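Notes follow once the structure below has been shown.
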Amino acid sequence: MVSMIVTAWNNGHHCASGAGYGLKLSAADRDEHFKRQWKTVSLQFPDVAQPVRINIDKHSFWNSSCRELISRDIGQWLLESGLAPWPRGRPPKVTLHVTGEAAFKVQIARASLSP
């Protein structure tokens with residue numbers, strides 16, 4: 001299974017609602033595993049029944065500096081999983097497994113489980 005390690009992201013405001021959270025990809029992973037013609041991608045989180053649709057049809061995802069998948073649903077999952085909020089400068093890592101066309105399964109990276 002093709003996978004990539006991504007980093008949890010926050011806009012600086014750790015909201016209890018999950019707003020302002022996302023997952024940051026490397027430019028190489030974005031360019032290899034995502035297509036510009038896709039409007040959204042589907043993320044399947046552990047212990048969440050339905051996949052979550054994330055908008056990638058925006059300049060900020062495709063520019064040279066941002067590359068974040070941003071969604072309140074991502075934030076809610078990070079919070080419920082105990083991964084957020086995190087100590088300053090130490091965001092957790094998450095693995096994205098490619099499961100199909102514009103579809104990914106999310107898994108907590110082992111390094112994020114250690115104290």
Side-chain angles (χ1 to χ4, degrees):
M1 181 181 296
V2 176
S3 62
M4 65 201 98
I5 302 292
V6 300
T7 304
W9 172 86
N10 181 263
N11 65 4
H13 304 289
H14 294 279
C15 296
S17 69
Y21 284 96
L23 301 173
K24 187 169 188 104
L25 290 80
S26 71
D29 283 337
R30 179 203 56 203
D31 294 345
E32 183 175 349
H33 302 294
F34 292 75
K35 296 180 181 175
R36 286 187 181 265
Q37 64 263 32
W38 295 345
K39 303 296 184 197
T40 63
V41 294
S42 174
L43 299 183
Q44 180 64 59
F45 292 99
D47 303 320
V48 176
Q50 296 296 318
V52 173
R53 305 292 298 170
I54 308 295
N55 177 27
I56 64 167
D57 188 24
K58 52 189 178 178
H59 178 71
S60 63
F61 182 73
W62 295 103
N63 72 19
S64 61
S65 61
C66 290
R67 304 178 317 275
E68 293 99 5
L69 300 169
I70 301 170
S71 166
R72 178 185 307 232
D73 292 312
I74 293 171
Q76 288 172 343
W77 178 77
L78 289 167
L79 290 162
E80 290 168 6
S81 298
L83 297 176
W86 51 82
R88 185 172 180 82
R90 295 185 44 210
K93 302 289 184 183
V94 173
T95 305
L96 291 184
H97 300 283
V98 178
T99 58
E101 182 81 4
F104 302 86
K105 181 174 98 175
V106 180
Q107 181 179 23
I108 298 170
R110 291 194 187 279
S112 293
L113 296 174
S114 56

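Values reported hereafter were calculated over all heavy atoms of this structure, with side chains retained and with hydrogens, waters and symmetry mates removed. All values derive from a computational prediction rather than experimental measurement.
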* Under 3.5 Å, side chain of Asp73 to main-chain N/O of Gln76, donor-acceptor pair present? -> no
* Same cluster for Ile5 and Val2 if Ile/Leu/Val/Met/Phe/Trp/Tyr side chains link at under 4.5 Å? -> no
* For residues Ala84 and Tyr21, report the shortest heavy-atom separation together with the two atoms involved. => CB-CE2, 3.6 Å
* To do: Verify the cluster assignment for Trp77 and Ile70: are they in a single hydrophobic cluster under the rule of side-chain heavy atoms below 4.5 Å apart?
  => no
* Asked: Can you tell me if Ser81 uses its side chain to pair, donor with acceptor, with the backbone of Leu83 under 3.5 Å?
  -> no
* Asked: Side chain of Gln107, backbone of Val94: donor and acceptor closer than 3.5 Å?
  -> no
* Asked: Looking at Cys15 and Ala19, what are the two nearest heavy atoms and their distance?
  -> CB-O, 3.7 Å
* Asked: Yes or no on ring-ring contact (aromatic ring centres under 6.0 Å, His included) for Phe61 and Trp9, after CA distance, side-chain angles and deciding distance?
  -> CA-CA 13 Å; Phe61 182 73; Trp9 172 86; over 10 Å; no
* Asked: To the nearest 0.5 Å, what is the distance between CZ (Arg67) and CD1 (Ile56)?
  -> 14.0 Å
* Does NZ in Lys24 sit with more than 12 non-hydrogen atoms of other residues, nucleotides or ligands closer than 6.0 Å? -> yes
Review item, side-chain donor-acceptor pairs of residues 40-55, under 3.5 Å, at least two apart:
{"from": "Thr40", "atom 1": "OG1", "to": "Arg53", "atom 2": "NE", "distance (Å)": "3.3"}
{"from": "Thr40", "atom 1": "OG1", "to": "Arg53", "atom 2": "NH2", "distance (Å)": "2.6"}
{"from": "Gln44", "atom 1": "NE2", "to": "Val48", "atom 2": "O", "distance (Å)": "2.6"}
{"from": "Asn55", "atom 1": "OD1", "to": "Asp57", "atom 2": "N", "distance (Å)": "2.8"}

* Taking all non-hydrogen atoms of both residues, which atom of Ser3 and which atom of His97 are closest, and how far apart? -> CB-ND1, 3.2 Å
* Sole residue of Asp29, Val98, Leu25 in side-chain contact (heavy atoms from CB on, under 4.5 Å) with Phe34 -> Leu25
* Asked: Would a 4.5 Å heavy-atom cut-off, applied to side chains only, mark Pro85 and Leu79 as touching?
  -> yes
* **Minimum-distance pair of heavy atoms, taken over all atoms of Asn63 and Cys66** => OD1-N, 2.9 Å
* Structure fact -> Shortest non-hydrogen pair, His13 vs Asn11, comes out as N-OD1, 3.0 Å
* Approximate separation, where rounding is to 0.5 Å, of Thr95 OG1 and Met1 CE -> 11.0 Å
* To do: Give, for atom CZ of Arg30 and atom CD of Glu68, the distance between the pair rounded to the nearest 0.5 Å.
  => 10.5 Å
